Amino acid sequence: MNCETCIILQNEKIAQDTYRMILSTSHSVDMHPGQFVNIKLEGYMLRRPISISKIEDGRFTIVYKTVGDGTKHLSDKKEGETLDVFGPLGHGYPDEIVYDRILIIGGGVGVPPLYELARRCVKQNKHVEVVLGFNTKDAIFYEQEFKDLHIAVTIATMDGSYGIKGTVMDAIEEKHIDIETVCACGPIPMLKAIEQRYHQGFMSFESRMACGMGACMACVAKDKEEADLYHRICKEGPVFPIGKVVL
Amino acid sequence: MRANDMLRIDLPGLHLKNPIIPASGCFGFGREFSELYDLSRLGGIAIKSATPHSRFGNACPRVAETSSGMLNAIGLQNPGVEQIIEKQLPWLAQFDTEIIANVAGANEEDYVEVIQKLNDQPVIKAFELNISCPNVKHGGIGLGTKPQLAAHVTRLCKQAAKKPVYVKLSPNVTDIVEIAKAVQEAGADGLVMINTLMGMRLDLKTAKPVLANITGGLSGPAIKPVAIRMVYQVAQAVDLPIIGVGGIASAEDVLEFLYAGASAVEVGMMNFVDPYCCIKIIEELPTVLKTYGNDSIKDAIGRSFRK
């Protein structure tokens with residue numbers, strides 16, 4: 001982890017309130033799927049933690065949703081402008097997941113970190129299937145990007161405007177997907193449902209953070225087994241084995 | 001004067017090579033920052049609060065951004081004094097910097113217990129009594145907002161302590177000078193001021209508080225003028241060294257605190273914004289001192305009211 005001035009190579013809208021930004025970096029070799037960066041924005045005090053979506057030589061991609069003034073400001077940034085980026089931070093997915101068949105489940109803005117994971121898994125010759133959940137058709141992104149990896153992609157929308165109507169769990173049931181190893185990222189209700197059904201794999205968490213490096217204790221979660229044990233989402237996470245922490 | 005000597009300042013128990021100390025709760029035990037720079041470059045470190053037993057702290061969300069600052073309601077999460085002695089202090093011993101133990105508790109006995117356990121730890125050079133945390137239901141700010149109670153806990157801690165005792169004051173009081181005087185009378189060796197200002201934010205979508213704890217402590221540049229005012233008032237009313245804290249983000253901010261009467265400073269939330277900020281401040285401080293006509297730290301202390 002380090003602070004770096006990154007050049008914005010691209011910043012474009014890819015879905016409703018959703019943007020993709022490509023940034024230059026000299027740390028791409030240190031980046032792993034599931035990790036995040038903490039971005040400083042002029043006029044805002046706290047950095048914005050945003051997960052890394054794609055890692056290439058000398059550059060990386062983030063996909064973010066404009067949920068507040070800070071991310072709105074980020075969406076106004078133009079190509080060639082720079083950002084103060086602290087990262088890569090946290091612990092992502094293991095370098096190699098030991099199972100051969102992996103089901104990737106993403107919900108909304110939880111989808112981005114799963115893309116680089118899917119790329120890695122495909123490179124490692126795993127059998128990968130993807131189920132993505134969104135609220136509406138307008139919010140869908142990365143369907144084609146996953147398909148381009150030659151992976152089976154199933155989309156669920158809550159309002160039924162595209163794909164299977166309902167949650168990602170409804171879609172998994174309807175498609176009779178029987179893979180037992182899961183890598184997931186998304187809203188808490190989705191993660192809770194996944195935890196009920198699956199016992200093998202990993203989940204990535206979101207949290208309000210301040211430092212992003214494990215010092216401030218803003219983003220802690222309790223361990224499921226040990227009463228006094230806790231984990232920092234920004235440091236030991238944001239990726240944890242399924243069932244490790246209290247949701 | 002050489003840059004190294006310009007920044008040197010001696011306070012009770014603390015021989016600081018420079019006046020920059022990361023504030024308690026904003027730096028953990030330094031482990032994360034040690035991946036970024038050599039902690040021996042710091043004047044000192046005020047480590048995360050120690051309580052007699054481990055504390056998980058408050059529910060999340062624990063932080064919220066504000067204009068020029070942030071609210072936090074961590075709730076003194078720490079592994080407990082025994083774990084700190086076993087796991088953190090031996091690791092901190094490798095660094096050439098002055099370690100200050102921030103001491104917290106739910107009642108006076110807790111403070112005394114923590115001090116007694118830390119007394120014989122050579123790595124600890126001074127105690128900082130946290131009688132000003134706004135985020136715990138018992139102890140904390142309750143002890144820090146009444147002169148008699150603040151004096152009482154200070155006296156008990158002084159009796160127990162084998163090292164100098166600094167008292168970290170709360171700004172959430174009508175008259176901070178009165179508290180400072182009471183604490184001086186009770187035998188404190190120094191003051192650290194100020195802790196966070198109690199505040200809250202509401203979520204416009206839910207109409208409910210953003211923080212799970214409802215209220216939190218405001219820190220960051222937003223509180224700097226309040227801290228400057230309080231240091232200025234207290235420095236002229238008591239005869240104790242003051243470690244200034246509140247929104248420091250630059251070497252210029254440090255100079256302002258020195259002029260107000262502080263002898264050293266703690267840097268808090270800016271460590272979250274720029275993890276290198278303490279080092280940058282240390283590097284820039286000699287130039288800033290000279291730019292405004294100060295030969296050294298000592299030269300600048302209290303210049304705002306000194307004749």
Side-chain angles (χ1 to χ4, degrees), chain A residues 1-5 27 30 37-49 67-71 73 84-91 188 205-223 226-238 245-247, chain B residues 22 25-37 48-49 53-80 83 203-205 210-212 216 218-222 247 249 268-277 280:
Chain A
M1 61 181 181
N2 220 314
C3 279
E4 184 185 18
T5 303
H27 299 304
D30 303 322
V37 293
N38 218 0
I39 300 179
K40 178 84 183 95
L41 299 172
E42 284 155 45
Y44 298 88
M45 285 311 296
L46 295 178
R47 287 170 181 266
R48 298 311 197 252
V67 286
D69 293 343
T71 37
H73 177 84
D84 174 351
V85 176
F86 182 40
L89 299 168
H91 285 86
I188 294 287
F205 290 73
E206 253 206 319
S207 179
R208 247 173 218 273
M209 295 178 185
C211 71
M213 61 187 283
C216 75
M217 300 292 160
C219 63
V220 290
K222 285 185 176 166
D223 189 87
E226 275 185 67
D228 286 340
L229 189 63
Y230 59 84
H231 308 281
R232 295 164 295 184
I233 288 171
C234 72
K235 189 73 177 176
E236 284 81 40
V245 302
V246 177
L247 279 168
Chain B
C26 299
F27 208 72
F29 297 94
R31 284 181 184 269
E32 296 76 23
F33 289 86
S34 75
E35 294 175 37
L36 302 177
Y37 59 80
K48 181 76 183 157
S49 294
H53 305 288
S54 70
R55 280 180 60 94
F56 178 71
N58 295 320
C60 295
R62 294 175 165 188
V63 292
E65 189 176 48
T66 69
S67 305
S68 294
M70 68 178 274
L71 290 166
N72 89 80
I74 306 296
L76 300 180
Q77 176 158 20
N78 80 95
Q83 282 283 309
D203 184 321
L204 296 185
K205 285 183 194 137
V210 173
L211 298 174
L218 179 65
S219 61
M269 84 152 277
M270 284 312 286
N271 287 297
F272 304 155
V273 178
D274 177 2
Y276 296 94
C277 74
K280 287 181 189 164

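Bear in mind that the values here come from a model prediction, so they are computed numbers and not experimental data. Order of the sequence lines fixes the chain letters, A, B, ..., with proteins taken first and strands second; residue numbering starts at 1 for each chain.
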Pairwise side-chain contact, [X] with [Y], heavy-atom cut-off 4.5 Å (strictly under):
X	Y	result
A/M213	B/E35	no
A/M45	B/V273	yes
A/Y230	B/Q77	yes
B/D274	A/F86	no
A/R232	B/E32	yes
B/V210	A/R208	yes
A/C3	B/P275	yes

Measure the [atom1]-[atom2] distance between [X] and [Y] for me, rounded to the nearest 0.5 Å.
X	Y	atom1	atom2	value
B/R55	A/D228	CZ	CG	12.5 Å
A/L46	B/M70	CG	CE	5.5 Å
B/F272	A/N38	CZ	CG	11.5 Å
B/S68	A/Y44	OG	OH	12.0 Å
B/E65	A/R48	CD	CZ	4.0 Å
B/M269	A/C211	CE	SG	11.0 Å

> With only heavy atoms counted, which part of A/D84 is less than 4.5 Å from chain B, the side chain, the backbone, both or neither?
Replying inline: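 Looking at A/D84, nothing touches chain B.
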
> Is it the side chain or the backbone of A/M209 that comes within 4.5 Å of chain B heavy atoms, both, or neither?
Replying inline: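 Contact with chain B: backbone only.
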
>> For the NZ atom on A/K222, are there more than 12 heavy atoms of other groups (residues, nucleotides or ligands in this structure) within a distance under 6.0 Å?
In response: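 Counting other residues, nucleotides and ligands, NZ of A/K222 stays at 12 neighbours or fewer.
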
>> Would you say that more than 12 heavy atoms from the other residues, nucleotides or ligands in this model lie under 6.0 Å from the NE2 of A/H91, or not?
In response: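 No, the 6.0 Å shell around NE2 holds no more than 12 heavy atoms from other groups.
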
Exercise: identify the closest heavy-atom pair between [X] and [Y]:
X	Y	value
A/A215	B/F27	CB-C, 4.2 Å
A/C216	B/I74	O-CD1, 3.3 Å
A/V220	B/C60	O-SG, 3.6 Å

>> Between B/G69, B/A59, B/G25, who has the most heavy-atom pairs with chain A when the cutoff is under 4.5 Å?
In response: B/G69

> Using non-hydrogen atoms only, which part of B/F29 is less than 4.5 Å away from chain A: side chain, backbone, both, or neither?
Replying inline: neither

> Of the listed residues (A/G43, A/A210, A/A221), which shares the most heavy-atom pairs with chain B below a 4.5 Å separation?
Replying inline: A/A210

